[in-house]
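The figures that follow rest on heavy atoms only: side chains count, while hydrogens, waters and symmetry mates do not. Here is how names work: the chains are called A, B, and so on, in the same order as the sequence lines, proteins then strands, and each is numbered from 1.
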There are 2 protein chains.
Amino acid sequence: MAPEVGRAAGSTAPRSADVALVAGVSRKTVSRVLNGERYVSDEARRRVLAAAEELGYRLNHAARALASGRTRSLGVVALGTAGYGTASLLVHIEQAARESGYALRVIYTPDGDPEGIAGALASLLEQGVDGVVVSEPIVKGDVPVRVDVPVLFIGAPPAPAFTATRTLTVSVGALELARAATEHLLDLGHETVHQLAGPRQWYATKDRIEGWQAALAARGAHEPPLLNGDWSAASGYAAGRALASDRSVTAVFAAGDEMAIGLIHALREAGRRVPEDISVVGFDGNPVFAYVSPPLTTVRQPFDAAAREGIRLLVHAIEKPDAELPPTGQPPVELVVRGSTAPPPSHRGATALRTT
Amino acid sequence: MAPEVGRAAGSTAPRSADVALVAGVSRKTVSRVLNGERYVSDEARRRVLAAAEELGYRLNHAARALASGRTRSLGVVALGTAGYGTASLLVHIEQAARESGYALRVIYTPDGDPEGIAGALASLLEQGVDGVVVSEPIVKGDVPVRVDVPVLFIGAPPAPAFTATRTLTVSVGALELARAATEHLLDLGHETVHQLAGPRQWYATKDRIEGWQAALAARGAHEPPLLNGDWSAASGYAAGRALASDRSVTAVFAAGDEMAIGLIHALREAGRRVPEDISVVGFDGNPVFAYVSPPLTTVRQPFDAAAREGIRLLVHAIEKPDAELPPTGQPPVELVVRGSTAPPPSHRGATALRTT
DNA sequence: TTGAAAGCGCTAACAC
DNA sequence: GTGTTAGCGCTTTCAA
């Protein structure tokens with residue numbers, strides 16, 4: 001079917017030269033068409049496309065990357081647990097990147113510690129990525145890597161000693177979300193709100209603590225000591241067992257939905273009712289927890305908006321290194337009130353008296 | 001600190017030639033050291049490594065890929081929802097790939113339909129991957145792409161019309177898991193077991209239906225019509241509302257944990273107790289559902305084992321194209337009995353009479 | 001055990 | 001609008 005076109009008839013995959021031959025144009029014109037550049041006649045474009053189609057031509061990204069110095073790909077350093085947050089963020093990052101014409105290279109780092117992140121970054125950089133996305137890393141410690149591409153941090157400011165050409169940050173509004181969660185509980189009439197926090201060295205934990213503190217301080221509420229978890233339901237359960245015997249606790253803000261689920265389970269096992277005796281609000285917004293008993297009140301992390309916004313920023317920094325960064329909007333603060341929160345027993349008691 | 005070494009002292013990143021210069025060897029020797037090839041003296045190796053370290057040398061994968069025709073990377077076609085299964089599988093695939101020296105390029109396909117998979121494959125192939133992993137795609141339809149690298153299907157056999165150099169499959173034992181789940185219910189004394197299935201065009205759905213049918217048939221149990229869901233808790237909830245009024249239903253196998261959660265919620269809202277009136281078993285093994293009420297009985301998908309095994313196969317096919325494939329073990333069948341399953345009311349009734 | 005030369009397939013710069 | 005030339009940084013021959 002295809003005419004004998006030099007090597008194109010051979011055994012190897014067709015190259016741009018073969019397409020050029022079939023289309024009757026130069027390789028550069030093929031390149032122009034494939035890259036959507038201007039200054040190509042409609043006729044030439046049509047012929048190139050037809051030839052590429054006929055030959056089953058597939059562009060070689062490695063060659064393009066070598067010649068152009070750009071890979072049109074982004075590296076992602078993902079935190080290693082298959083939690084809803086990480087997974088959801090990754091899905092949205094991939095989609096946003098793809099829509100901007102970038103492919104994704106992913107490395108998981110179970111702990112998110114500086115060494116792990118440094119290693120992941122080094123590997124990504126070797127592979128040749130035009131930019132890197134790091135989500136919510138650890139608070140302390142240097143990341144001892146020379147990074148010569150823009151780096152986007154999702155959800156937290158970059159570690160202080162991090163050295164990169166250009167560092168970008170996009171917020172998920174964790175502080176505001178934590179404040180909203182705490183305020184919701186305070187509004188319900190609780191005197192104060194305990195927090196079941198994540199590992200202390202995570203940025204994500206820090207923001208949530210600060211938002212909670214801010215809400216407490218604004219109402220003049222006493223700030224109880226933090227409870228510690230590791231994001232897992234099991235750790236929430238452990239914290240709940242410890243907490244159950246303290247009758248003064250009427251409201252808990254858990255820094256993650258799964259911890260909230262574990263916490264509630266322990267509380268109920270110990271005979272404390274949720275939300276009648278203790279209210280619990282989670283953090284993340286995994287829709288499945290609308291279907292447990294009680295349905296979990298939570299705040300939704302705007303992973304979709306953050307990913308879109310972040311990738312927009314990153315792509316901008318890659319493609320227009322010298323331009324100003326575009327302005328970024330405030331992430332939405334979305335409180336999802338379901339069944340795990342209610343007024344404290346004291347209020348309910350009053351209500352009960354009235355209605356009895 | 002570093003001596004003036006030609007271009008190395010310039011503004012661009014050091015290349016292998018710079019390392020060679022500093023080490024006092026040829027570029028080829030540098031290449032040999034970096035690729036762990038034999039026939040390099042210890043002394044030469046030491047000098048090359050030292051020079052690379054001193055220069056902060058980073059290998060250029062694009063150049064290597066162009067020259068060698070291999071990228072040392074794997075493409076993953078992931079199904080688009082941020083569910084526990086997909087996310088968990090991806091984490092384990094990445095880990096196994098990294099341990100074998102391969103990087104990962106990921107594309108999500110929300111629906112897993114043939115067009116989506118074809119597009120994802122084409123994109124991955126352009127990027128230049130040495131192999132591809134596709135997890136549980138759709139049953140029907142061609143995937144009209146010329147694929148010239150080995151393709152691994154996790155969890156299901158390849159679509160019939162799929163044309164690839166080499167097609168590999170690794171099972172998660174879904175059929176056996178579905179059978180185990182169904183048998184568990186039958187063993188408890190239920191006369192039959194309903195199934196809340198996933199979308200019919202998914203392979204994953206097919207396996208689970210077949211395992212369920214096999215278990216039913218083996219006991220001579222009647223096979224009730226399938227209920228339909230889309231993996232989401234919301235769809236499980238919808239199915240549960242429809243099911244609640246049918247008093248003859250005493251046991252349901254939900255083909256996904258989240259659907260099971262939604263189902264249970266609807267059942268309870270309608271006044272049916274779980275597990276007293278109806279038993280429900282899920283499918284996946286997300287640990288968080290050990291902490292809901294009732295704790296979900298489920299079967300655990302061996303994502304870790306499947307990913308390890310699958311990547312081993314894929315890497316073998318890539319690196320030793322002509323060799324036999326290594327044998328693969330049977331994936332473990334793990335039933336996790338928790339609180340959402342119990343004997344049917346008839347049995348319990350008998351027990352209740354005795355104890356009253 | 002090591003090195004020299006040739007090219008992988010593409011794009012950049014500059015001509016026309 | 002289009003073509004020509006010269007590499008991108010590495011690995012692959014093949015020779016020493």
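Taking 4.0 angstrom as the limit, A/Arg64 places none of its side-chain polar atoms (N or O) nearer than this to OP1 or OP2 of C/dC10. Under 4.0 angstrom from either OP1 or OP2 of C/dC10 there lies at least one side-chain N or O belonging to A/Ser16. Between A/Ser41 and D/dT2, a side-chain N or O to OP1/OP2 separation shorter than 4.0 Å is present. Within the structure, every side-chain polar atom (N or O) of B/Ser31 is placed at least 4.0 Å from both OP1 and OP2 of D/dC10. Phosphate contact (OP1/OP2 of D/dG3, side-chain N/O of A/Thr29, threshold under 4.0 Å): present. Between A/Tyr57 and C/dC10, a side-chain N or O to OP1/OP2 separation shorter than 4.0 Å is present.
Remark: C1' of C/dT1 and CZ of B/Arg47 are 13 Å apart, rounded to the nearest angstrom. Here the C1' atom of nucleotide D/dC8 and the CG atom of B/Asp18 are 14 Å apart, to the nearest Å. Atom C1' of nucleotide D/dC10 and atom CD of A/Gln127 are separated by 16 Å, given to the nearest angstrom. The distance from atom CD of A/Glu37 to atom P of C/dA13 is 11 Å, rounded to the nearest whole Å. Atom CG of A/Asn60 is separated from atom C1' of C/dT11 by 12 Å (rounded to the nearest Å). One interatomic measurement links the two molecules: CZ of A/Arg70 to P of C/dC10, which rounds to 17 Å at whole-angstrom precision. The CG-P distance, from A/Asp42 to D/dT2, rounds to 9 Å in whole Å. The separation between B/His61 atom NE2 and C/dC10 atom P is 20 Å, rounded to whole Å.
If you check every strand for non-hydrogen atoms under 4.0 Å, B/Ala44 touches sugar and phosphate atoms only.
Place B/Leu66 and B/Lys28 on DNA chain C by their nearest nucleotides, and B/Lys28 ends up nearer the 5' end.
Taking the side chain as every heavy atom from C-beta outward, A/Ile318 and A/Leu74 approach each other to under 4.5 Å.
Remark: the backbone N or O of B/Tyr102 is not paired with any side-chain donor or acceptor of B/Ser100 at under 3.5 angstrom. In terms of modelled atom types and a separation under 3.5 Å, the side chain of B/Arg58 and the main chain of A/Leu125 share no donor-acceptor contact.
Applying the 3.5 Å distance criterion, the base of D/dT11 shares a donor-acceptor pair with the side chain of B/Arg27.
Within a 6.0 Å radius of CD in A/Glu43, other residues, nucleotides and ligands contribute more than 12 heavy atoms.
Side-chain proximity of B/Ala67 to the nucleotides D/dC8, C/dG3, C/dG7 is greatest for C/dG7. Here the nucleotide nearest the side chain of B/Asn35, chosen from C/dT11, D/dT11, D/dG9, is D/dT11. For B/Ser68, whose side chain is taken as the heavy atoms from C-beta onward, the closest listed nucleotide among C/dA6, D/dT12, C/dT11 is D/dT12. The side chain of A/Arg32 has C/dC14 as its nearest neighbour among C/dC14, D/dC10, C/dA12. Here the side chain of B/Val25 is nearest to one of D/dC10, C/dG3, C/dG9, namely C/dG3. Here the nucleotide nearest the side chain of A/Val40, chosen from D/dT13, D/dT2, D/dG9, is D/dT2.
Of the residues B/Val22, B/Leu34, B/Asp18, B/Leu49, the one that meets the side-chain contact (heavy atoms from CB on, under 4.5 Å) test with B/Tyr57 is B/Leu34.
Atoms CZ and CG, from A/Arg146 and A/Leu121 in turn, are 12.0 Å apart once rounded to the nearest 0.5 Å.
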